[in-house]
Amino acid sequence: DGTWGEDSYEQLEEALISADLGISITQHIINDIRDRYERGQIQTSTDIVAATKSLLSVYLNDGAPHTFDYNIAGPTVILLVGVNGSGKTTTAGKLACMWQREGKSVVLAACDTFRAAAVEQLKIWGERSGCQVVSAKHGADPASVAFDATQAAVARKADILLVDTAGRQHTKKGLMDELGKIAKTIGKAFPGAPHEIWLVVDGSTGTNALQQARTFGRSVELSGLCLTKLDGSSKGGIVVAIYNELKLPIHFVGLGEEVFDLQAFDPQSFADALFT
Amino acid sequence: NLSDRLNDTFRNLTGRGSLTEKNIEDAMREVRLALLDADVNYKIVKEFISEVKEECLGERVLKSVAPGQQAIKVVSDSLEKLMGETNAPLNFVNKPSVILMVGLHGSGKTTTTAKLAHHLGKQGKRVLVVAADLLRPAAIDQLEALGREHNIPVHSDRTGSDLNSIVHDAKRIALKSNKDVVIVDTAGRLEINQELVRELVDLKKKSNPDEILLVADAALGQEAVSVATHFDDALDITGIILTKIDGDARGGAALSMRRVTGESIKFIGVGEKIEDLEAFYPDRMASRILG
Ligand SMILES: Nc1nc2c(ncn2[C@@H]2O[C@H](COP(=O)(O)OP(=O)(O)OP(=O)(O)O)[C@@H](O)[C@H]2O)c(=O)[nH]1
Ligand SMILES: Nc1nc2c(ncn2[C@@H]2O[C@H](COP(=O)(O)OP(=O)(O)OP(=O)(O)O)[C@@H](O)[C@H]2O)c(=O)[nH]1
Ligand SMILES: [Mg+2]
Ligand SMILES: [Mg+2]
């Protein structure tokens, strides 16, 4: 249990920055800790660690709860979006498996009609989960595949429709507009849908994830986040900055490449793991 | 951008030409924030700032005619120098030359394998790519589809063989069909997964590659140091390819990975199309990182 000195603040700063929390959140936390220390509210480095964890937990608990509501009248339509390689297709597959295990009927929509073998990849997850995959041939218009999948899910009275989309950089206006069109077209097939639009963020991403969330959020109404690859060495701290600014609930965390490697997001344990 | 901000900082000082140590301290704080904001690793930023600060506190800057300008120049020149050279070559010693593509999940290895094959093909090289990702669903399909679309021969084996025999077969085929280069696409893996890193160490031993390229996402955060260090320590990588530069990540990971491996960034990925592989320019990367 060490005494706290000026260079201790630097160690704290290093730990927070190294967890990809970003400068702004880090500075707020350091200022808050410094404030409490100078008022004698905390004294030892054990106090500081505890205070930091509780601050992080407050950041992640102060706003929308990390849950969503299932649609009551028809399928819950969930659209997965995000930059290239973030883990959308794999997350769609894991979610399908999870809900299938819970006795829900799930339909998968293969709306990445662009990337090589994207449909094949999702179809394998369809086999793994025992869920129907609605797809079209390579190069088809993603919005029309989304339309057909939505109609099919409604007709089949499915519980969940998971719409996988092609990865895209938020710097590409045409691709961002396409996403808006996909969401709108889903609404034409089933008014009120999509009920959820989740940004899938790679846990090893740095500060760019905040920019991703802001920019994707201008093309579609994001309603939540999934954070993947948290089994890696990264702490995924950028979600704190994203949540702080945009209050997007973090629904699920990816912890590997297999069927069961998905967990509901828990702010407390995430905060604990972030700063150890 | 940082250059403008530093210019303003210095211009707001008294009209006298000279800078004080305090002025330099303030400027270094700005630079530090810019680098951290660009995702350069915390420790790497610390080292860089202390080196640059020392130079800026030297006679040559402080007593120069336009010390503010000099200081800014020291920062950007140092960063540019750290980023390495442009057109760092690929080494083709063996016939066929083998290139292993390695990196984290989703970094762009498969796409870049096809792009690199296309690029080398345009230079007159005969290339065979190998689908050695036996893990990811439809990974082989993905590389084969890219191969069909862009006329790139692909060697694959769906009979449950192991990596080493697949690459061994590919080399044999390449030799018989007079190929110059064999590019091996591997499965994404965590740098901290010892078993999967050992798999690559074993593959390296058995396939004797001329190049081992770490394919990394430009948006990679603070763990870029861990990623580069683990892969380099295990495999002695020969180069880096930075992908998704067409996004707006500042790309600080590039500086971190350069610092800890000393290896060159040999190409950048600037999009999803087959021709979206470009030369790396250290000056452009430096100014992008500085913002
Ligand atoms: N270790 C680990 N790997 C993951 C996780 N989620 C996804 N992956 C891997 O990340 C890679 C990319 O996953 P995809 O699901 O193809 O990502 P995507 O966002 O659909 O990619 P694009 O459609 O090309 O934009 C694959 O190798 C996945 O197995 C995770 O939670 N942990
Ligand atoms: N915008 C952009 N997308 C890229 C670039 N390079 C690759 N991609 C995309 O990134 C995603 C992942 O690429 P892959 O080639 O599947 O990545 P990978 O490293 O082979 O993935 P794993 O095998 O699962 O580890 C795909 O959607 C690619 O089209 C690039 O330079 N720019
Ligand atoms: Mg996908
Ligand atoms: Mg791949």
Just give me the residue among [options] that pairs up with chain B most often, heavy atom to heavy atom, under 4.5 Å.
| options | result |
| --- | --- |
| A:Ala116, A:Gly87, A:Gly22, A:Gly85 | A:Ala116 |
| A:Lys172, A:Arg168, A:Lys235 | A:Lys172 |
| A:Val83, A:Thr89, A:Asp231 | A:Asp231 |
| A:Ala19, A:Ser233, A:Ala209, A:Gly232 | A:Ser233 |

Please flag which part of [X] lies under 4.5 Å from any non-hydrogen atom of chain B: side chain, backbone, both or neither.
| X | answer |
| --- | --- |
| A:Glu257 | side chain |
| A:Gln211 | side chain |
| A:Ile23 | side chain |

Where does [X] contact chain A at under 4.5 Å (heavy atoms): side chain, backbone, both or neither?
| X | result |
| --- | --- |
| B:Arg136 | side chain |
| B:Leu36 | both |
| B:Leu33 | both |
| B:Arg32 | side chain |
| B:Glu191 | side chain |

Salt bridge check: are A:Glu14 and B:Lys43 linked by an N-O gap of less than 4.0 Å? yes

Using a strict cut-off of less than 4.0 Å between a Lys/Arg side-chain nitrogen and an Asp/Glu carboxylate oxygen, indicate whether B:Lys46 and A:Glu10 qualify as a salt bridge. yes

Looking at B:His119, I want to see if its NE2 is surrounded by more than 12 non-hydrogen atoms of other residues, nucleotides or ligands under 6.0 Å. yes

Can you establish whether the number of heavy atoms outside B:Glu275 located under 6.0 Å from its atom CD is more than 12? yes

Between A:Thr205 (side chain only) and B:Ala219 (backbone N and O only), is there a donor and an acceptor less than 3.5 Å apart? no

Backbone N or O of B:Asp246 within a donor-acceptor pair of the A:Thr171 side chain at under 3.5 Å? yes

Is the closest side-chain heavy-atom distance between B:Gln142 and A:Arg115 below 4.5 Å? yes

Is there side-chain contact between B:Glu223 and A:Ser234, with heavy atoms separated by less than 4.5 Å? yes

